Q: 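Pasting in a structure now, in structure tokens, and then I'll have a few things to ask.
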2 protein chains.
Amino acid sequence: MPKVGQKPIRRAALVSATIGEIGRTGSLDVTVGQIAKTAGMSTALAHSYFESKDALFLAAMRHILGEFGISVRRRLKKADTPEQRLAAIVDASFGQDQFQDHIVSAWLVFYVEAQRAPEAARLLRIYGARLHSNLVHELRQIVPLKSAANIARGTAAMIDGVYVRGAPKGGNPNYKETGHLVKEYLDVMIAYANENNGK
Amino acid sequence: MPKVGQKPIRRAALVSATIGEIGRTGSLDVTVGQIAKTAGMSTALAHSYFESKDALFLAAMRHILGEFGISVRRRLKKADTPEQRLAAIVDASFGQDQFQDHIVSAWLVFYVEAQRAPEAARLLRIYGARLHSNLVHELRQIVPLKSAANIARGTAAMIDGVYVRGAPKGGNPNYKETGHLVKEYLDVMIAYANENNGK
DNA sequence: GGATTTTTATTGATCGGTCAATCAGAAAAA
DNA sequence: TTTTTCTGATTGACCGATCAATAAAAATCC
């Protein structure tokens, strides 16, 4: 059974199991043993592939962040106008691949972890900066720079807010409607910013 | 030292210490012993006043929610128009007494806890419903009902989002500016809703 | 091509430590 | 003397991490 090149397979299985178990319990109160079991291996082996539980969780978040980035880039390719590109970014946040119970749970845990673990805080900062930069890049083409920064912050806050509010399980009812809330914010704020500037 | 009528005093001290320790560590990974020590008593005594650690945390959140409610009502008394009353609700969320590091940390932990502990989930639902109800009550006086519900949801999401984004410590810079982000959303959305309806 | 050595993969058992919760009893009012 | 308040010590359980040992492939040698 033991073959060469198991490392990437095992690591992927552990990352996937970590996200799954966080989703199942809604917290990081999951033993490494339970995660390992779900991934089909022993506790010791899990520890041989990840230095610590923290490192395992960080790998899981990097995976989620990576998938999100892929989703954004894929949608951006199909978008031409700044408006379409903004919608693409928002849609990526609320796509079926991202806006799921266990992903949302992981995000919540991530926010808490970022208060305690410096590496998690760093990762969160990077994500935030990148999102902000992406939003501003599009917005400044259609609204004044000052408004662009402001609207970008509002958009990011609302995305996170919808995530947080989507967390209490039992009802993740309407992907489209939640995303629509953010896109509506963008539409109206953009129109308003230009109206004021045009005068 | 041991006197009659210590219960409310001790309980208040424990609730306060719980919030403080959550703020200090940014998580619920605080021992009851540490909380008790901060509150100036033994671990055993803390357990005699609260059935469990969960119960202690819930009491802390009820306290925060209670203070928030008081702050809202105090501000509502001074407000006359629906617009002022909406601003009062938002201002309460970002007042100096609410938008503090340890309160924000407690909120984050609360969201995670609500995924696991049914009683926390219940408390969170109640808070959400009340906030929504308050917002809609004011909004429906100045915009169509359908818009009111929509704007209320957006406002609530943005409040939570700003909280979550305010959590990564090191910079809780501008109370007023963050609150302004939400109030701007309200202003613009209200104007937009009426514009569309008037036509 | 078979026997060996080396490398990689894997696990059961365990260690060291932590922590929530309990209990029996001390200390101080009433 | 009774009641309330309080604590040190302890219990029982859990968990992250480690380690020694096993198993199986791959590489090397004869």
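All values derive from a computational prediction rather than experimental measurement. Every chain is numbered from 1 and lettered A, B, ... according to where its sequence line falls, protein lines coming before strand lines.
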Q: Sequence neighbours excluded, which residues qualify as side chain to side chain contact (heavy atoms under 4.5 Å, CB included) partners of R85(A)?
A: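 Partners of R85(A) by the side chain to side chain contact (heavy atoms under 4.5 Å, CB included) criterion, ordered by chain and then number, come out as L76(A), A79(A), E138(A).
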
Q: Under 4.0 Å between a side-chain N or O of Q6(B) and OP1 or OP2 of dC6(D)?
A: yes

Q: Sequence neighbours left out, what pairs pass salt bridge (charged side-chain N to carboxylate O under 4.0 Å, His left out) with at least one residue falling in residues 55-73 of chain B?
A: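 Found R62(B)-E119(B).
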
Q: Nearest-Å distance, NZ (K37(B)) to P (dT7(D))?
A: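 Between P of dT7(D) and NZ of K37(B): 14 Å.
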
Q: Filter on side chain to side chain donor-acceptor pair (under 3.5 Å), then keep only pairs touching residues 43-52 of chain A, sequence neighbours left out; what's left?
A: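 Those involving residues 43-52 of chain A do not exist here.
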
Q: Taking salt bridge (charged side-chain N to carboxylate O under 4.0 Å, His left out) as the cut-off, I'd like each qualifying pair that reaches into residues 4-18 of chain B, sequence neighbours left out, listed once.
A: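 Salt bridge (charged side-chain N to carboxylate O under 4.0 Å, His left out) check on residues 4-18 of chain B returns no pairs.
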
Q: Scan nucleotides 15-18 of chain D against the protein and return all N/O pairs shorter than 3.5 Å with their distances rounded to 0.1 Å.
A:
unit_1: dG16(D); atom_1: OP1; unit_2: K53(A); atom_2: NZ; d: 2.8
unit_1: dG16(D); atom_1: OP2; unit_2: V32(A); atom_2: N; d: 2.9
unit_1: dA17(D); atom_1: OP2; unit_2: H47(A); atom_2: NE2; d: 2.9
unit_1: dA17(D); atom_1: OP2; unit_2: K53(A); atom_2: N; d: 2.9

Q: Taking CZ from R11(B) and P from dT4(D), how many angstroms apart are they, rounded to a whole number?
A: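 Taking atom P of dT4(D) as the reference, CZ of R11(B) is at 17 Å.
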
Q: Taking any heavy-atom pair under 4.0 Å as a contact, classify F50(A): base, sugar-phosphate, or nothing.
A: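 F50(A): no heavy atom of the nucleic acid under 4.0 Å.
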
Q: Say you draw a straight line from NE2 of H63(A) to CZ of F68(A); how long is it, rounded to the nearest 0.5 Å?
A: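 These two atoms lie 14.5 Å from each other.
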
Q: Mind calculating the distance between NZ (K7(A)) and C1' (dT10(C)) to the nearest angstrom?
A: 14 Å

Q: Who pairs with H137(B) by side chain to side chain contact (heavy atoms under 4.5 Å, CB included), at least two apart in sequence or on another chain?
A: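 Per chain and number, H137(B) pairs via side chain to side chain contact (heavy atoms under 4.5 Å, CB included) with Q141(B).
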
Q: So which heavy atom on L124(A) is nearest to which on A114(A), and how close?
A: CD2-CB, 3.7 Å

Q: What is the distance from CE of M41(B) to P of dT4(D), rounded to the nearest Å?
A: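 In whole Å, dT4(D) P and M41(B) CE are 19 Å from each other.
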
Q: Tell me the interatomic distance from L56(B), atom CG, to dA21(C), atom P, rounded to whole angstroms.
A: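 Between P of dA21(C) and CG of L56(B): 10 Å.
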
Q: Does anything in residues 52-61 of chain A form a salt bridge (charged side-chain N to carboxylate O under 4.0 Å, His left out)? List the pairs, not counting sequence neighbours.
A: D54(A)-R116(A)

Q: If an axis is fit to five pairs at each end of the helix from dG1(C)-dC30(D) to dA30(C)-dT1(D), what is the angle between the two, to the nearest 10°?
A: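 Rounded value for the end-axis angle: 10°.
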
Q: Residues in side chain to side chain contact (heavy atoms under 4.5 Å, CB included) with T81(B), at least two apart?
A: E83(B), Q84(B)

Q: Please state how far atom CG in L45(A) lies from atom C1' in dT22(D), giving the value in whole angstrom units.
A: 14 Å

